[in-house]
Amino acid sequence: MSDLAWWQRGVIYQVYPRSFQDENGDGVGDLAGITARLHYLRALGVDAIWISPVYPSPMVDFGYDVADYCAIAPVFGTLGDFDRLVVHAHELGLKVLLDFVPNHSSDKHPWFMDSRSSRDNPKRDWYLWRDPAPDGGPPNNWLSRMGGSAWEKDTVTGQYYYHAFLREQPDLNWRNADVRTAMDRVLRFWLDRGVDGFRVDVLWLLIKDALFRDNPPNPQFKAGEPDHHRQLQTYTEDQPEVHDIVRSMRATLDEYGERVLIGEIYLPVPQLVSYYGPNGDGTNMPFNFQLINAPWNATEIARIVSEYDHALPLHAWPNWVLGNHDNRRVASRIGPRQARVAAMLLLTLRGTPTLYYGDEIAMADGVIPPDRVQDPAELRQPGIGQGRDPERTPMQWDGSPNAGFSSGVPWLPISGGDGINVVHQDGKASSMLTFYRCLLALRRSERALVEGAMERVVSSGNVHTYERRLGGDRLFIALNMAGADAPVEAPEGTLLLSTTEGHEGKRIEGPSLLLAGDEGIVIRASKPT
Ligand code: NOJ
């Protein structure tokens, strides 16, 4: 056995709690629902769940507007429910990660209500307050990621406060030592309750320019993009001082033993990898979202895979993400056939994979009628396609009208789709669910897939190939990233898994074979070179 940590060997599964399982029939998923489905997750073969925010919140941004960092929103249950979830998960060998949202609170958080109450309130400096510009307008040109100015004028004191997202999500001032102490207590509160780590929301945004300088215009801005893309985020993201904060969060987690700190960071790779910290003392893993945004073809994916592997500092452990609650679902982005290829890619690459709930049954983006739109990203910037409801529709457990998700009216419509549910796919050889279970089992049984080096990463036409090697063990992976058959040079060996069912165990003679369109394979080479 090597000395890898659990989060290096394991696979993470993101649960969007509103949409996973509703036990009390109010149409919104809850903690008791997640607990009831832990067996499913264990049997699927994942090792950890990351639960998007479950704290008390006005839910303007569905929990990413936190009104109390140390409690559970009634809609999701109670602290007792949370404790039961953690105990049960641990009994099953599953780790539990929480979503930590330190960049901003809700405007209904008592900290902000104090802060806004007067200019000399002790919590005034906990948020970012500035005088109006000489013309009475916002203090500078910074734009919100949800559209319009990032500054909101507050009538109580006549100053503006900064909000990178909604006006209901004021940004905390991380240059203030009391904010840091308060947030450190929050981490400890949950660590003491047994959580195994955190995914930290928008970690690269925590610190803003101390001089509040205007952001420069973005010469590459294209019409139709979100508003804030008009500017380069020179003074509002990735400021050097952020790394001190990351280091101190990590130090707190390390006091508790083997915990994991994951940063949500959307940055180009050279900047992204700096979040591992110069001495491996930053985040354990800055999320790597490249597979979400990449053009889906063999040349691009091979380039991304090899460049990332080379860019990683020596101490850094890689990771890969295929989907989340902020991006279109993989089955909709690249189609259901390529989604199988993408699953094979995700689970055979070097680094910790993160799966998004429902992708294991090939859920597609839902269609949301205009009168059922929930996401503020859509409601506040209509028409530019930023809405995130389609990838947040309820998990489809069975073929009944509410998909086994809820006995009430689901908060978002069921996406549906023929056979896209757990009951239908369970035990069916050709189903996505069976394929995911096989992939996860393969990753668990083949040490080379977890610990092995990444070698010979190449693309030829539409086929992307690479090898995972550990000692004399050599696994060869070939992925046809297009619909037409394609030849591939392959080693002699045994087929361990194919996206096309039923060929496992087949002898591969080499030196070449024909991959079917949209086919991916894993071969154990019989010779080490
Ligand atoms: C990133 C989260 O993933 C997203 O859902 C949220 O709207 C913003 N951060 C603001 O917290």
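Numbers for residues simply follow the sequence, beginning at 1. One-based numbering, in listed order, for ligands and for the atoms of each.
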Within a distance under 4.0 Å of any heavy atom of [X], pick out the atoms of ligand 1 and give their elements.
| X | value |
| --- | --- |
| Asp326 | 1 (C), 2 (C), 3 (O), 4 (C), 5 (O) |
| Arg388 | 4 (C), 5 (O), 6 (C), 7 (O) |
| His104 | 10 (C), 11 (O) |
| Glu264 | 1 (C), 3 (O) |
| Arg392 | 5 (O) |

Among Trp7, Trp6, Trp317, Trp320, side-chain hydrogen bond (donor to acceptor under 3.5 Å, both in side chains) partner for Thr352 | Trp317

Of the protein's non-hydrogen atoms, which lies at the shortest distance from [atom], and what is that distance?
| atom | value |
| --- | --- |
| atom 9 (N) of ligand 1 | Asp201 OD1, 2.9 Å |
| atom 6 (C) of ligand 1 | Asp61 OD2, 3.3 Å |
| atom 8 (C) of ligand 1 | Phe165 CE2, 3.8 Å |

Sequence-distant partners of Arg145, side chain to side chain donor-acceptor pair (under 3.5 Å), two or more places apart =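 Listed in chain order: Glu237.
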
Compute the ring centroids of His109 and Tyr55, then answer whether they are less than 6.0 Å apart.
->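 Ring-ring flag for His109/Tyr55: false, centres at least 6.0 Å apart.
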
Take every heavy atom of Arg145, measure it against each atom of ligand 1, and state whether any distance is under 4.0 Å.
-> no

Nearest heavy atoms of Arg247 and Pro278, plus distance in Å =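 Of all heavy-atom pairs spanning Arg247 and Pro278, the closest is NH1-CD, 4.0 Å.
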
With His243 via ring-ring contact (aromatic ring centres under 6.0 Å, His included) - residues at least two apart |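 Result, ring-ring contact (aromatic ring centres under 6.0 Å, His included) vs His243: Tyr275.
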
Over-ring placement of Arg119 relative to Tyr161, 6.0 Å and 45° cut-offs |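 Judged by the rule, Arg119 and Tyr161 form no cation-pi pair.
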
Taking atom types as modelled, is there a side-chain donor on Glu360 or Tyr40 under 3.5 Å from an acceptor on the other?
->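 A pair is found: one side chain offers a donor N or O, the other an acceptor, under 3.5 Å apart.
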
